[in-house]
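Following: one structure in structure tokens, then a few remarks.
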Amino acid sequence: MRTLLDKLLVCAYLAIATLPVIGIWWSIGQRTKLEGVTERPKRPALTMSSFVSERYQHGFVGWFEHRLGFKAASIRVDNTLLFHAFRETKPGSRVQIGTDDVLFETDDLSYLGLRDQAAERGARAGALADAVVRIQRTLAARGRGFVPIIVPSKTSVYRDRVPRRWRSSTAEPSASDELVYRALVRAFDERGVRYVDGRALAQALVRDESRELIWGPEARHWSNYAACRAMQRVLSEYAALTSTAVIPQPCRGAMAPQPIDHVDHDLWRLLNASGVEHVPSVAVVAPPPPTSPSDPAPRRPTVLLVGTSFSLRWRDDAERSQVFSNVVVNYYDRTFFLPSDTGIGIGAHAEVKPDTDAWREIVLERDLIVLELLETYMLSSGAYDASFVDAVATELAPTP
Amino acid sequence: VPFSSLLFIHLFLPVFLIAYWLTPRAAKNYTAIGFSLVFYAWGAPKFLPVVFGLGVVDYSLSHAIGRARARDGGQRRAKWLLAVGVTMHLSVLAYFKYANFFVGQLDELLAAFGLGAIPWTHVVLPIGISFITFEEISYLVDVYRGDARPATRLSRYLLFLTLFPHSIAGPIFRWKDLEAQLASRTESWTLVREGFERFSRGLAKKVLVADSVGIIADGVYALPAAQLTGPLAWLGSIAYAIQIYFDFSGYSDMAIGLGKMIGFRFKENFNQPYISASITEFWTRWHISLSSWMRDYLYIPIGGNRRGARRAVINVFVVFTLSGLWHGANWTFLAWGAFHGAFVALERVAGDARIARIPLALRHVLTLAIVTVGWVFFRAGSFDHAAAMIGAMFGGGEGAPLTVFPAILTPRFAMFALVVGAVIAVLPALWKRKQWGWIDRVRTWPIAHVGYLLLFLASAIHLTNMRITPLIYFKF
């Protein structure tokens with residue numbers, strides 16, 4: 001009897017040890033989906049030199065751990081236990097759990113918690129504003145618009161849901177409010193920059209309407225509705241800068257249940273945990289009213305959105321609203337996302353270096369350039385905002 | 001390949017076990033050697049020839065020593081051969097482990113005189129070299145002393161050196177303890193099951209407790225000195241004390257468990273060190289294979305307590321200081337060894353009778369406090385860092401605002417693991433004195449076996465969701 005128990009237990013241990021490996025070859029236990037996985041390592045080739053230099057070992061471990069059977073299920077079980085027992089995510093996770101289970105991106109919490117670096121960042125505001133005002137005036141003289149927009153961090157809209165554990169100080173305003181955001185606003189105001197303060201707008205909208213309509217508790221980004229309202233302001237600034245009439249962008253927001261793969265459930269999906277309560281409704285924008293054939297053909301400007309995933313959201317909205325005729329996104333001043341009809345012939349995603357004809361065509365020929373300044377990253381060292389502004393300023397500088 | 005890695009648990013271990021069990025008895029050692037070499041080569045392919053070569057030289061030397069001892073008047077030659085062997089091993093250790101340190105110190109000295117640095121290429125430390133060197137030295141010394149016979153087969157000696165459960169981070173084995181098992185050993189389902197259970201226990205200690213608690217220790221030790229406060233410094237130090245115990249004793253549990261799976265019965269390396277009531281007792285319970293090695297191959301040869309009480313105290317201090325240096329080429333390790341040496345020497349001077357007058361509970365607390373403070377030298381990268389930590393622990397912290405979130409510094413699950421770890425580490429002090437035999441009886445219930453299985457499953461699941469951290473003792 002004792003031996004039988006021993007045999008059964010040994011077999012059970014071996015089963016636990018071997019099943020994930022068997023899963024690699026027979027694709028067992030790989031049906032559970034894992035959100036947020038971007039890396040797909042390849043199995044390295046074994047050579048004497050790669051083994052001696054240990055490149056093979058590192059590559060193999062990466063491949064093995066990625067392909068392991070039941071990996072997604074294991075991760076979900078572990079995350080579920082962490083969530084329910086401790087209301088935490090694993091160390092290093094991009095998602096953190098706030099009060100009332102409002103979810104935050106770790107970078108946004110880090111921005112709110114800035115201390116010494118806040119002053120460091122704020123010190124760059126003057127230089128950025130100087131460059132922006134020069135570009136704005138030069139392009140306006142050419143009939144083109146350049147409009148910066150400050151996009152809030154989620155922590156600026158859900159400040160009360162940031163737990164004490166995720167704050168280095170509860171003093172209000174925070175160092176990042178005072179030394180980064182307000183420093184930039186002051187710098188823009190002092191230089192007469194025409195810009196949109198999306199943070200002030202979002203906070204005003206939260207006061208007047210429901211917070212969920214502006215920003216979903218499970219979303220990293222503000223809602224389509226908030227993005228739409230911000231773009232209305234951008235268009236007003238564009239119209240004022242270039243004295244151009246543009247299509248009014250209608251924004252009628254409403255809460256509606258959306259499938260789980262909707263972008264406003266992204267942080268919830270990234271939890272990769274089970275049994276976590278979920279808010280099915282997110283803010284959506286009603287489609288624009290159909291235009292009547294008798295309406296005068298409005299001018300639909302071409303636009304370049306420079307920024308983060310918030311700009312990708314505007315691109316999607318722009319396609320829905322048809323306010324713009326051609327939308328290009330310059331993602332983190334690294335990759336250009338181009339519509340198929342741009343005709344530049346560099347593909348839908350491409351890295352286009354400044355000081356090239358393709359770059360000049362994409363950037364300088366736009367009717368409107370929107371520089372998205374996401375609070376979380378704006379004015380940080382080596383950030384996309386400064387690099388893009390520098391590149392444009394260099395192009396526009398009068399040649400001696 | 002750390003034992004607490006997915007590659008080891010899900011690929012190396014099952015493939016090895018199945019291959020080993022299917023191998024005919026006469027060839028089992030060769031299978032074990034083959035897998036052990038793969039295991040070692042996976043992490044340090046360049047050093048495999050060094051380990052292998054030293055093993056072959058050792059084997060030849062041991063036979064030469066044995067032959068010299070057997071001849072009349074050959075004692076002098078045997079001693080000479082032993083000296084050659086020991087010098088060779090210590091030279092290898094000195095080169096790989098201490099050369100960078102000494103060159104660095106020399107460079108600092110030269111810089112003080114305005115001279116340039118010595119041209120030097122950084123030497124990479126082969127994994128497990130400290131452990132292997134000590135095993136090789138003990139083998140030669142035991143053969144010389146007549147406490148052990150030279151290995152009859154090279155394969156057995158190579159297996160003794162490279163056997164993967166212990167080759168890279170101990171326990172430090174002795175040839176005379178394993179010789180018979182290397183020649184012949186019996187396996188059974190019960191032993192394999194016990195091996196898995198011991199492995200599960202060690203894996204859980206490492207993955208669920210040590211790695212979790214390590215987040216707190218790493219966070220506190222990464223803080224700038226100005227941000228340290230007394231409670232934070234104590235929290236970080238206690239967390240490290242728990243981390244290193246669960247990390248290293250977990251590794252030893254896994255090594256012992258792996259040995260059982262293939263029929264070996266290894267000696268224990270830990271015996272609940274945090275229940276000790278004195279530093280002397282602590283060293284009979286912590287890293288037993290090292291402390292007994294130091295006693296037999298260093299303390300006794302330099303005179304032990306045979307040359308009077310005063311000399312014994314000096315010997316204790318010297319041995320502990322060198323033991324600190326063995327852990328790493330840094331002044332902080334030396335200080336850690338000297339710190340323990342000083343307390344053991346002090347206990348010798350005070351005498352058992354005087355120490356016994358201190359209430360037992362207070363002795364436990366004092367011992368834990370001394371050990372915890374000692375770990376600061378072990379963990380800190382420099383004297384300045386250690387001084388800042390110890391200063392904060394005893395009221396010298398400035399307590400500037402933290403630049404790291406409390407949620408990152410003290411995650412709830414890590415704090416929970418810290419409490420669980422502390423209870424497991426210290427509670428036996430209570431139950432051993434109260435004779436709570438039921439706790440030991442529960443361990444033999446069938447449900448306990450299922451518990452170990454679940455622990456294995458839970459550890460494997462948790463491991464899948466975390467960054468794999470190497471064992472602290474790997475770097476020694």
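All of these numbers come straight from a predicted model, not from anything done at the bench.
- Looking at V192(B) and D6(A), their side chains never come closer than 4.5 Å, going by heavy atoms from C-beta outward.
- In this structure, CG in L81(A) is found 12.0 Å from CZ in F413(B), a value given to the nearest 0.5 Å.
- Annotation: side chain of S53(A) is not in contact with side chain of K46(B) (no heavy-atom distance under 4.5 Å).
- Within the model, atoms CH2 of W166(A) and CZ of F405(B) stand 6.5 Å from one another, a figure rounded to the nearest 0.5 Å.
- Of all residues spanning residues 91-104 of chain A, those with a heavy atom less than 4.5 Å away from chain B's heavy atoms are P91(A), arranged by number.
- Here M466(B) contributes atom CE and I75(A) contributes atom CD1; the two are 12.0 Å apart, rounded to the nearest 0.5 Å.
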Report all side-chain donor-acceptor pairs from residues 14-22 of chain B shorter than 3.5 Å, counting only partners two or more places apart or in another chain.
residue: Y20(B); atom: OH; partner: R185(B); partner atom: NE; Å: 3.0
residue: Y20(B); atom: OH; partner: R185(B); partner atom: NH2; Å: 2.8
residue: Y20(B); atom: OH; partner: E187(B); partner atom: OE2; Å: 3.4
residue: Y20(B); atom: OH; partner: I262(B); partner atom: O; Å: 3.2
residue: W21(B); atom: NE1; partner: M261(B); partner atom: O; Å: 3.3

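- Only the backbone of R167(A) comes within contact range of chain B, judged by heavy atoms closer than 4.5 Å.
- Rounding to the nearest 0.5 Å places OG1 of T18(A) at 9.5 Å from NE2 of H10(B).
- For F64(A), the part lying near chain B is the side chain, with the backbone staying farther off; criterion is any non-hydrogen pair under 4.5 Å.
- With a 4.5 angstrom heavy-atom cutoff, S110(A) touches chain B via backbone and side-chain atoms both.
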Below 3.5 Å, can you tabulate the donor-acceptor pairs from side chains in residues 456-465 of chain B to any protein atom, sequence neighbours excluded?
residue: S459(B); atom: OG; partner: L455(B); partner atom: O; Å: 2.7
residue: H462(B); atom: ND1; partner: D78(A); partner atom: OD1; Å: 2.9
residue: H462(B); atom: ND1; partner: D78(A); partner atom: OD2; Å: 3.1
residue: T464(B); atom: OG1; partner: A460(B); partner atom: O; Å: 2.7
residue: N465(B); atom: ND2; partner: D78(A); partner atom: OD2; Å: 3.0
residue: N465(B); atom: ND2; partner: N79(A); partner atom: OD1; Å: 2.7

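- Taken from CG in L114(A) to OG1 in T403(B), the straight-line distance is 11.0 Å, to the nearest 0.5 Å.
- Looking at L82(A), the atoms closer than 4.5 Å to chain B (heavy atoms on both sides) all sit in the side chain, from C-beta outward.
- Closest non-hydrogen pair, Q57(A) versus P45(B), comes out as NE2-CG, 3.9 Å.
- At a threshold of 4.5 Å between non-hydrogen side-chain atoms, the residues R412(B) and R165(A) count as touching.
- Against chain B, the residues from residues 7-14 of chain A that qualify, each with a non-hydrogen atom under 4.5 angstrom away, are K7(A), L9(A), V10(A), A12(A), Y13(A), L14(A) in number order.
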